[in-house]
Amino acid sequence: GVVEFEERREAADFALLGEQLAEALVERMDGLFASHRRAVAVELREVDLPEVEVALEHVRAGRWRQAAAELEAALQNSAARRLSAPDQARIHFDLAQVLRYDPAPPVGDAARLDSAGRHLRRATGLDPDPAYAAALGSLERQQRASEQLRLQSTSGAEVPAPPPGYGDAP
């Protein structure tokens, strides 16, 4: 493929030209080496609390860790404790969703999914919304699948030796 970049003809702009070329190459190469990309619609619930509003903005901007931090702060906020049980449940649900779907989580799958499960169970305890139970069921299936993959990768099963002559050049 052809890489296009803006050329500047100023004497001392070779550094800028190199940066533009490097950025263009990284963009082009990213698609070649990325393992996969998947668009996922994540349901989040609004709550009339500044931290939750900020968290939802962080999610929209792709800042999942900041969203999680804001939602955790919201749960510690005395104003959140004065909210109705359904509103408190929405915050727990949102935090669970953010933890579950963060595309670049700071912690391993097991810990992250366990935390998401705790928040979904708390949400279900505060408000019997069927969406919370459905999300919990889906999360539990995801956890079982992750555990099966982990067990397969650490099973220590022996790989059989290749047949005689395998890999010999003709």
Side-chain angles (χ1 to χ4, degrees), residues 25-163 166:
L25 286 172
V26 166
E27 279 184 37
R28 296 296 291 265
M29 299 302 280
D30 184 47
L32 296 174
F33 295 106
S35 59
H36 73 281
R37 288 186 185 188
R38 166 178 98 152
V40 177
V42 177
E43 178 185 357
L44 297 171
R45 306 276 174 100
E46 292 186 12
V47 176
D48 189 21
L49 197 65
E51 293 91 341
V52 175
E53 293 168 10
V54 169
L56 297 182
E57 285 303 315
H58 282 309
V59 169
R60 288 182 193 103
R63 296 184 301 266
W64 294 77
R65 278 184 228 145
Q66 291 93 329
E70 287 291 338
L71 291 166
E72 287 168 355
L75 289 170
Q76 301 304 316
N77 186 331
S78 61
R81 289 190 286 276
R82 290 190 301 269
L83 292 172
S84 68
D87 279 343
Q88 290 179 38
R90 286 184 194 101
I91 299 170
H92 283 282
F93 176 75
D94 286 350
L95 180 53
Q97 295 288 80
V98 166
L99 292 170
R100 181 176 179 193
Y101 290 106
D102 182 348
V107 296
D109 268 357
R112 177 174 58 90
L113 296 179
D114 286 346
S115 182
R118 283 191 300 276
H119 286 286
L120 284 172
R121 282 187 282 285
R122 182 74 176 129
T124 303
L126 289 165
D127 182 13
D129 186 321
Y132 303 156
L136 183 57
S138 175
L139 173 67
E140 289 169 346
R141 287 188 296 279
Q142 180 182 358
Q143 287 177 298
R144 284 191 298 275
S146 290
E147 179 61 14
Q148 286 176 338
L149 285 174
R150 188 193 65 75
L151 289 174
Q152 287 174 2
S153 69
T154 61
S155 68
E158 237 179 83
V159 176
Y166 179 82

Chemist: What do the steps show when you test E46 against D94 for side chain to side chain contact (heavy atoms under 4.5 Å, CB included), and what is the final call?
Modeler: CA-CA 9 Å; E46 292 186 12; D94 286 350; over 6 Å; no

Chemist: Once salt bridge (Lys or Arg N to Asp or Glu O under 4.0 Å) is applied, do any residues pair with R90, and if so which ones, sequence neighbours excluded?
Modeler: D87

Chemist: Testing the basics here: between A80 and A74, what is the closest heavy-atom pair and its distance to 0.1 Å?
Modeler: CB-O, 2.8 Å

Chemist: Closer than 3.5 angstrom, by distance alone: can the side chain of R122 be matched with the main-chain N or O of H92 as a donor-acceptor pair?
Modeler: no

Chemist: What are the two closest non-hydrogen atoms of G117 and L136, and how far apart are they?
Modeler: O-CD1, 4.0 Å

Chemist: Starting at CG of L113, measure out to CD of Q142 and round the result to the nearest 0.5 Å.
Modeler: 5.0 Å

Chemist: Treating S115 as the side-chain partner and A111 as the backbone partner, does any N or O pair qualify as donor plus acceptor under 3.5 Å?
Modeler: no

Chemist: Contact between V52 and E70 at the side-chain level, heavy atoms closer than 4.5 Å - yes or no?
Modeler: no

Chemist: Please report the closest heavy-atom contact between A135 and Q97, naming both atoms and the distance.
Modeler: CB-OE1, 4.4 Å

Chemist: Taking R45 first and then D129, would you say they form a salt bridge - that is, a charged N and a carboxylate O separated by under 4.0 Å?
Modeler: yes

Chemist: Give the minimum heavy-atom separation between L120 and A96, together with the two atoms involved.
Modeler: CG-CB, 3.5 Å

Chemist: Taking the side chain from E53 and the backbone from D48, do they hold a donor-acceptor pair closer than 3.5 Å?
Modeler: no

Chemist: Regarding Q143 and D114, is there a side-chain donor-to-acceptor distance under 3.5 Å anywhere?
Modeler: yes

Chemist: Looking at A55 and A67, what are the two nearest heavy atoms and their distance?
Modeler: O-CB, 3.4 Å

Chemist: What pair of heavy atoms forms the shortest contact from L139 to A116, and how long is it?
Modeler: CD2-C, 3.8 Å

Chemist: Salt bridge or not for E147 and R144, using N-O below 4.0 Å?
Modeler: no

Chemist: Can you tell me how far OG of S146 sits from CZ of R141, rounded to the nearest 0.5 angstrom?
Modeler: 13.0 Å

Chemist: Are any side-chain N or O atoms of S138 and backbone N or O atoms of A134, one a donor and one an acceptor, separated by less than 3.5 Å?
Modeler: no

Chemist: Side chain to side chain contact (heavy atoms under 4.5 Å, CB included) with L71: which of V59, L95, L44?
Modeler: L95

Chemist: Do R81 and Q88 pair up side chain to side chain, a donor and an acceptor below 3.5 Å, judged on atom types alone?
Modeler: no

Chemist: Tell me the ring pair (Phe, Tyr, Trp, His ring centres under 6.0 Å) pairs involving residues 120-139, sequence neighbours left out?
Modeler: F93-Y132

Chemist: Hey, does T124 have a side-chain heavy atom less than 4.5 Å from the side chain of R121?
Modeler: no

